[in-house]
Every structure is written in C-alpha cells, then in structure tokens.
Amino acid sequence: DVQVITMYSNADVHFITGNSIVTATTSSHFFPEGLYYDFNVYYGGNQFSTLGGNQYISLITSDSSKDANVHVSERM
C-alpha cells in the first residue's frame, strides 16, 4: 500500500526514509522550518529497502541549539 504523510517542523531538519537502520546526516534531504511537506511512504514493501519491511524516518536538526518539534500526520 502507498500512504501519504505530511510533515511539519518548527526547525530546519534533515531526514531520510528507509528500513529500521537508516540514520539521517547533514547530507540527507533538507527540510526547512515552517513548511508542510507531503510525501509517499510504503508500508510492508521493499520500495525503500532491499530487505523489505516497514518504512522508517530518521531526522536530525540542522541547529543543535534549537529543539525541533516535528509533526507527522497520515493523509488519506
């Protein structure tokens, strides 16, 4: 199944999607603060992982002095 989620953050973050071992770095996708972003996630398939399984999101903040509040909502 393909699901769509919306992400919003009050701080700049970098994120990556994949299997349970993904780890975001500063070279991962950049997501600026204050924007809503819709993207597809795949549940139970292998679209993001050669190992298959569920999809995970790893996030890090660009500014370590600022706490990031990231909201992820499922869209139907």
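If you're wondering where the values come from, they're calculated on a predicted model, not measured in any experiment. What you see below is based on every heavy atom in this structure, not just the backbone, and it leaves out hydrogens, waters and symmetry mates.
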Asker: Which atom names give the shortest non-hydrogen contact between Ser58 and Ala24, and what distance separates them?
Answerer: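 Shortest heavy-atom separation between Ser58 and Ala24 comes out as OG-N, 2.9 Å.
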Asker: Which residues satisfy the ring pair (Phe, Tyr, Trp, His ring centres under 6.0 Å) test with Tyr37, sequence neighbours excluded?
Answerer: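 Tyr37: ring pair (Phe, Tyr, Trp, His ring centres under 6.0 Å) contacts with Phe31, Phe39.
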Asker: Just jot down the side-chain contact (heavy atoms from CB on, under 4.5 Å) partners of Ser27, sequence neighbours excluded, or say none.
Answerer: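 Listed in chain order: Thr25.
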Asker: Going by side-chain heavy atoms closer than 4.5 Å, which hydrophobic residues are tied to Tyr36, directly or by a chain of links?
Answerer: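 When side chains under 4.5 Å apart are linked, the cluster holding Tyr36 also contains Tyr8.
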Asker: Please check: side-chain N/O of His14 versus main-chain N/O of Ser28, any donor-acceptor pairing under 3.5 Å?
Answerer: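 Pair found, side chain donor or acceptor close to backbone of Ser28.
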Asker: Would you list the pairs meeting salt bridge (charged side-chain N to carboxylate O under 4.0 Å, His left out) in which at least one residue belongs to residues 5-34, sequence neighbours left out?
Answerer: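 Sorted pair list: Glu33-Lys66.
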Asker: Please write out which residues are connected to Ile60 in a hydrophobic cluster, directly or through intermediates, given that two of Ile, Leu, Val, Met, Phe, Trp, Tyr count as joined at side-chain heavy-atom separations below 4.5 angstrom.
Answerer: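 Hydrophobic cluster check, Ile60: no partners found.
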Asker: Among all residues two or more places apart in sequence or in another chain, which pass the side-chain contact (heavy atoms from CB on, under 4.5 Å) test with Val72?
Answerer: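 Listed in chain order: Ile5, Met7, Val70.
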Asker: To the closest 0.5 Å, what do you measure between OG1 (Thr17) and CG (Leu59)?
Answerer: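 Reported to 0.5 Å precision, the distance equals 10.5 Å.
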Asker: Where the side chain of Asn69 meets the backbone of Asn10, is there a donor-acceptor pair that is under 3.5 Å apart?
Answerer: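 No; zero donor-acceptor contacts below 3.5 Å.
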Asker: With sequence neighbours left out, write down each residue that passes side chain to side chain donor-acceptor pair (under 3.5 Å) with Thr6, or none if nothing qualifies.
Answerer: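 Applying side chain to side chain donor-acceptor pair (under 3.5 Å) to Thr6 gives Asp38, Arg75.
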